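Scroll down for the structure; my scribbles are underneath it.
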Amino acid sequence: MVDGLGQLYTIEGVAAGILMVFTAYLVISSTTVITPQDIHIIDLQLEQLGNDALAILDTPDSLGEKSLLQRQIENDGGNAFGENFSRIINSKVNPLEVDNLKFSAILYYRDISSGNTLSIPINNSATYLREKAVKVKRWVYVNPVPPCSNPFGLNTRNQTVLVEVLLWRG
Amino acid sequence: MARLTDEAQWIVMMGFIVSITIFILAIIIGESALIGKTTSESVLEFSKADVQDLRAEIMTLKDKGILYGNPIDKSSVLEDISNLSLQRRNAVVYVTNWTDKIEHMRYIYIHFNNGITDYNEVYDEYDY
């Protein structure tokens, strides 16, 4: 016997199929599952930004000249570094806007008489209260011979010091 | 022709069950992404900046004439780098340089190893 029963089944089957596909679409498109792995993207961008900022500061304007970072360690002091670094990391495309990244910079150097690694704070824009931060570092060649004011009290010799900057969004 | 019976209710119910199953499966898949290694994680782990920075510093020392100047200056600067690397970067860094008088070449050997990344480079240039 031939009747229209099969057609009805087919129509309802198609309806159920559409329902399933639509549900799957809703689930996939409407929910963004934030997993802990995604925070690494932010860390990555922050670290890249910090490394770039230090690289900018440690690049001399022309060959043989001193870089800005070298001048700041030898002569200008921590406030000059803070101003420059803060401006670079907080720059946005719109010049009227500023970002709110905070940093804390420390200088590590080897004391030639004792052979120990000593540290001295350079500058910080806020107190670090265990926010989620990344650390960026940069080697800097310095030689704080007079007439440099040598604000960090380094040994007067050719040396390489390490600038470590803790960077976080505050 | 077409008749309405309660057969359709079963089909609709099956549709709902399958839909809910897909929903639950989606949640499970979302959770399973907790485990795994992301691209950004790998990039963070790879010490690209350390290697680039070290190399840039050695090139600065070369340009400043430290590497080919006073041997006391040179050894103390290289000791700065090795000591600070070991203490602040957990990396073994060894740098040495030599001049080949016969070939008129100058070489700089840079070794960096932080346990994950091992980097070795021999930089050479013509010795005028």
Side-chain angles (χ1 to χ4, degrees), chain A residues 3-5 7-9 11-13 15-20 22-24 26-28 31 33 35-45 47-48 50-51 54-55 58-60 63-64 67 70 108-110 112 115 117 119 134 136-141 143 155 157-162 164, chain B residues 1-5 7-8 10-16 18-23 25-27 29-31 33-44 48-50 52-54 56-58 60-61 63-64 66 69-70 72-74 76-81 83-89:
Chain A
D3 63 4
L5 198 60
Q7 286 183 354
L8 204 60
Y9 277 124
I11 289 166
E12 294 193 5
I18 290 170
L19 199 66
M20 285 187 279
F22 184 65
T23 308
L26 272 185
V27 167
I28 292 167
T31 60
V33 183
T35 55
Q37 59 184 349
D38 293 330
I39 60 170
H40 291 297
I41 299 170
I42 301 163
D43 286 353
L44 171 69
Q45 289 171 340
E47 197 178 284
Q48 185 68 53
N51 277 318
L54 286 176
D58 195 28
T59 304
L63 192 66
S67 71
Q70 185 186 352
Y108 287 89
Y109 64 99
R110 190 174 67 93
I112 194 92
T117 299
S119 68
V134 297
V136 292
K137 304 161 195 178
R138 181 85 192 174
W139 294 112
V140 188
Y141 163 79
N143 187 13
N155 304 138
R157 63 179 174 99
N158 283 304
Q159 61 189 305
T160 294
V161 295
L162 188 62
E164 282 195 12
Chain B
M1 285 294 284
R3 290 169 301 172
L4 282 175
T5 61
E7 301 270 339
W10 286 101
I11 296 169
V12 172
M13 198 185 73
M14 286 305 287
F16 273 119
V18 172
S19 304
I20 290 164
T21 310
I22 290 173
F23 192 87
L25 278 176
I27 291 173
I29 291 168
E31 290 296 318
L34 289 171
I35 306 162
K37 200 168 171 64
T38 56
T39 314
S40 50
E41 231 176 333
S42 309
V43 173
L44 279 172
K48 177 191 79 172
D50 279 3
Q52 286 181 334
D53 183 18
L54 175 68
E57 181 64 16
I58 300 299
T60 305
L61 293 177
D63 293 337
K64 299 274 182 192
I66 305 292
N70 183 347
I72 297 168
D73 271 8
K74 175 189 140 187
S76 84
V77 168
L78 294 182
E79 208 177 325
D80 289 343
I81 295 178
N83 279 21
L84 289 167
S85 286
L86 206 54
Q87 295 197 19
R88 300 302 313 168
R89 290 190 160 180

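Naming convention: chains lettered A, B, ... in sequence-line order (proteins, then strands); numbering from 1 in each chain. All figures in this text were calculated on a predicted structure; none of them were measured in a lab.
Between the CD1 atom in B:Ile72 and the CZ atom in A:Arg157 there is a gap of 12.0 Å [rounded to 0.5 Å]. A:Leu54 CG to B:Asp53 CG: the interatomic distance, rounded to the nearest 0.5 Å, is 8.5 Å. Atom CG of B:Asp73 sits about 7.5 Å away from atom CG of A:Asn143, to the nearest 0.5 Å. Between atom CG of residue A:Asn158 and atom NZ of residue B:Lys64 there is a gap of 9.5 Å, rounded to the nearest 0.5 Å. With rounding to the nearest 0.5 Å, the separation of CH2 in A:Trp139 from CG in B:Asp50 is 9.0 Å. Once rounded to the nearest 0.5 Å, the distance linking CE of B:Met14 with CD of A:Glu12 reads 13.5 Å.
Heavy atoms closer than 4.5 Å to chain A are found in both the backbone and the side chain of B:Ser85. Interface remark: A:Val161 contributes backbone atoms only to the contact with chain B (heavy atom separation under 4.5 Å). Interface residue A:Val140: only backbone heavy atoms are found under 4.5 Å from chain B. Interface remark: A:Tyr109 contributes backbone atoms only to the contact with chain B (heavy atom separation under 4.5 Å). Within the 4.5 angstrom heavy-atom criterion, only side-chain atoms of A:Ile112, from C-beta onward, approach chain B. Heavy atoms of B:Glu79 lying under 4.5 Å from chain A belong to its backbone as well as its side chain. For B:Ile22, the part lying near chain A is the side chain, with the backbone staying farther off; criterion is any non-hydrogen pair under 4.5 Å. If you measure heavy-atom distances from B:Thr60 to chain A, the contacts under 4.5 Å come from the side chain alone. No part of B:Lys74 comes within reach of chain A, as not one of its non-hydrogen atoms sits under 4.5 angstrom from that chain. At a 4.5 Å heavy-atom cutoff, B:Ile20 makes no contact with chain A through either its backbone or its side chain.
For A:Arg138 against B:Ala56, the heavy-atom pair with the smallest separation is NH2-CB, 3.9 Å. When all heavy atoms are compared, the tightest approach of A:Asn51 to B:Ala49 is ND2-CB, 3.2 Å. Heavy atoms only, all atoms of each residue included: B:Gly15 and A:Ala16 are closest at CA-CB, 4.2 Å.
The backbone N or O of A:Gln159 lies less than 3.5 Å from no partner atom in the side chain of B:Asp80, so there is not a single donor-acceptor pair.
Side-chain atoms of A:Leu162 and B:Arg89, non-hydrogen and from C-beta on, do get closer than 4.5 Å to each other. When side chains are defined from C-beta on, A:Thr160 counts as touching B:Leu61, because their heavy atoms get closer than 4.5 Å. At least one side-chain heavy atom of A:Tyr141 sits under 4.5 Å from a side-chain heavy atom of B:Ile66. Residues B:Phe16 and A:Thr23 have side chains not in contact (no heavy-atom distance under 4.5 Å, counting atoms from C-beta outward).
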Step by step, work out the side chain to side chain contact (heavy atoms under 4.5 Å, CB included) result for B:Lys48 and A:Gln48. CA-CA 10 Å; B:Lys48 177 191 79 172; A:Gln48 185 68 53; 3.1 Å; yes
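Side chains of B:Arg88 and A:Thr117: no donor on one and acceptor on the other come within 3.5 Å.
When each of A:Glu47, A:Lys137, A:Gln45, A:Met20 is checked for heavy-atom pairs under 4.5 Å with chain B, A:Lys137 comes out on top.
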